[in-house]
**Student:** 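Please read through the structure below; I'll follow up with questions.
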Amino acid sequence: MLTAIDIAKQVKQKKITALEVLERCLKTIKEKDAEIGAFLEVFEKSAASQAKAVDEKVASGKTPGKLAGVPVAIKDNLLYYGHKMTCASRILENYISPYTADSVRRLINEDAVIIGRTNMDEFAMGSSTENSAFKKTKNPANAAHVPGGSSGGSAAAVAAGMVPLALGSDTGGSIRQPAGFCGVYGLKPTYGAVSRYGLTAFASSLDQIGPFATAIDDIELCFSVISGHDPKDSTSIRNPVYARNFDLKNLRIGLPKEYFIRGIDGEVHAKVMETAKNLEKSGAKLIDVSLPHTGYAVPAYYIVASSEASSNLARYDGIRYGLSLKNKNASLTDVYKKTRGAGFGSEVKRRIMLGTYSLSAGYYDAYYLKAQKIRNLIKGDFESAFKKADVILTPTSPAPAFKFGEKTSDPISMYLSDIFTIPCNLAGISGISMPCGRHSTGLPIAVQFLSKPLSEYAVFDMIRTYEKSL
Ligand code: GLN
């Protein structure tokens, strides 16, 4: 598979047509996706007409966009006008997007080809894609293992070489963790850098859209396209000023002691330290930092995220969206009960109950308010750490991809697989997962770079310099 950068270049130079690129991707999808299960739907028709339009643009001598002819897969929680969007849930099984998400619109404006929608955990709740109501997605590195989640379909599609680029969403790790499990790059941008307009809300104060790719240059290209102010998202950053040029020489890389604890896989630990040592060889300074409230991140996240989800998911009432089930002469309450009872899967129901409980009058102070206070402390931890360090290096996950069924009966153990990715969302900072080698089982291992808000480009530069030094 060519990189997105190479595809766009070759399409511009007329070395290859967008239609040829699309056909190659469709062929790979046909060969591989019956086994992998990354896609919920491939948009063959609309993708072909987009590719044709790009080719006509090039043929007529016009300069095409930055993503000329690049096929991009989108997670099935992003709206794309006239196409199905299900959030991998029965409750939205036949839902058609009434408009297009800002991020998807920006891709199309730069002449990308939207090739299909990818599998995910229902409403992005999960870490393995096993919560999809429709199908299993397998890890391309080993089919007995999960691809991670919730954006497991997007990660697997890129890792299997079916597409050069895919979008996912990350509320507590759903881009970085599956990227790490599948061995590709994944970026969770600074909160507010990419518009959430047209992203189905899970936990609005945590959700961000970001890319998956096989090369850091492609992550940068995609991020440069999808980011930017959008008046339709009130949390979108106006006039963002990005930090530039992290010089690897003398760059201070912080290793948080709370992230290198017992419980992390020995080989994962070794690979992360090897990456740290290599960075040091290139001139970076390794320093110890502390993020003292890390241990409270997972519990605080499950209160905040579930509270927001219970409110956001109240709209699926059997009246306004998708599925509607009723008996003859049913009351409104009966419609709600029947539709929501049949339409949502068990993890979604668990979150709605948890969130409703923690927001209820008698428990609000004890749970929701307390969780928000912890969130502030975690934000403060990072602010102090970034006074000492320019970038923080951690494992993306405590262990490589687990097997199907290994954690489904124990939600807490599933929740804990995001222990290193969740604090970044609570603090609103930028996080990127980078592949850093293989486990003895053959499964990919990844490191995560955490950095201040709006430092994405500086980190891309750092990673590029680092990779050249290897
Ligand atoms: N795995 C976490 C959860 O289940 C994070 C999901 C996400 O980032 N969307 O909530």
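Just so you know, ligand 1 is whichever comes first in the structure, and atom 1 is the first atom listed for that ligand.
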**Student:** Should you measure from each heavy atom of Gly126, which atoms of ligand 1 turn up under 4.0 Å away?
**Tutor:**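 Counting from 1, the qualifying ligand atoms are 1 (N), 2 (C), 3 (C), 4 (O), 6 (C).
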**Student:** Compute the shortest N/O to N/O distance between Ala124 and ligand 1 and return yes if it is under 3.5 Å, no if not.
**Tutor:**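 The answer is yes, given that Ala124 and ligand 1 share an N or O pair closer than 3.5 Å.
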**Student:** Is the distance between the ring centroids of Phe123 and Phe202 under 6.0 Å?
**Tutor:**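 Ring-ring flag for Phe123/Phe202: false, centres at least 6.0 Å apart.
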**Student:** Is a salt bridge present between Asp102 and Arg105, judged by a nitrogen-to-oxygen distance below 4.0 Å?
**Tutor:**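 Salt bridge present between Asp102 and Arg105.
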**Student:** For Met125, take its heavy atoms, then give the atoms of ligand 1 lying under 4.0 Å from any of them.
**Tutor:** 4 (O)
**Student:** Under 4.0 Å from a heavy atom of Ser150: give me the atoms of ligand 1 that qualify, with their elements.
**Tutor:**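 The list of qualifying atoms is 9 (N).
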**Student:** We want to know whether Ser154 and Lys75 form a side-chain donor-acceptor pair, criterion being a heavy-atom distance below 3.5 angstrom.
**Tutor:** no
**Student:** Quick one: do Asp170 and Arg176 make a salt bridge, cutoff under 4.0 Å?
**Tutor:** yes
**Student:** Does ligand 1 have an atom under 4.0 Å from some heavy atom of Arg351?
**Tutor:** yes
**Student:** Side chains of Asn312 and Ser204 only: does a donor on one sit below 3.5 Å from an acceptor on the other?
**Tutor:**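 Checked: Asn312/Ser204 side chains pair up, N/O donor to acceptor below 3.5 Å.
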**Student:** With a 4.0 Å cut-off on N to O distance, would you call Glu467 and Arg464 a salt bridge?
**Tutor:**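 A salt bridge is absent here (no side-chain N lies under 4.0 Å from a carboxylate O).
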**Student:** If you have a sec, work out which protein heavy atom is nearest atom 5 (C) of ligand 1 and how many Å separate them, to one decimal?
**Tutor:**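 For atom 5 (C) of ligand 1, the nearest protein heavy atom is Tyr301 OH, 3.2 Å.
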**Student:** Could you check whether Arg351 pairs with Glu347 (Lys NZ or Arg NE/NH1/NH2 to Asp/Glu carboxylate O, under 4.0 Å)?
**Tutor:** yes
**Student:** Starting from atom 1 (N) of ligand 1, locate the nearest protein heavy atom and write down its residue, its atom name and how far away it is, to 0.1 Å.
**Tutor:** Asp418 OD2, 2.5 Å
**Student:** Does any N or O atom in Gly173 lie less than 3.5 angstrom from one in ligand 1, N or O only?
**Tutor:** yes
**Student:** Before signing off on this row, confirm whether Gly172 and ligand 1 have an N or O atom pair separated by under 3.5 Å.
**Tutor:**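 Gly172 vs ligand 1: N/O contact under 3.5 Å present.
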**Student:** Using the benzene-type ring in the case of Trp, are the ring centres of Tyr197 and Tyr99 under 6.0 Å apart?
**Tutor:**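 Here the rings of Tyr99 and Tyr197 have centres that are less than 6.0 Å from each other.
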**Student:** Return yes or no for this condition: an N or O of Lys75 is under 3.5 Å from an N or O of ligand 1.
**Tutor:** no
**Student:** State the atoms of ligand 1, each with its element, that fall below the 4.0 Å cut-off from a heavy-atom position in Phe202.
**Tutor:**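 Taking each heavy atom of Phe202 in turn, ligand 1 has 9 (N), 10 (O) under 4.0 Å.
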**Student:** Looking at every heavy atom in both Ala297 and Ile422, which two are closest together, and how far apart are they?
**Tutor:**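 So the two residues come closest at O-CG2, 3.7 Å.
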**Student:** If you have a sec, work out which protein heavy atom is nearest atom 6 (C) of ligand 1 and how many Å separate them, to one decimal?
**Tutor:** Ser174 OG, 2.9 Å
**Student:** How far is atom 3 (C) of ligand 1 from its nearest protein heavy atom, and which residue and atom name does that atom have?
**Tutor:**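 Here the nearest protein heavy atom works out to Tyr302 OH, 3.3 Å.
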**Student:** Examine ligand 1 and decide if any of its atoms is less than 4.0 Å from a heavy atom belonging to Ala305.
**Tutor:** no
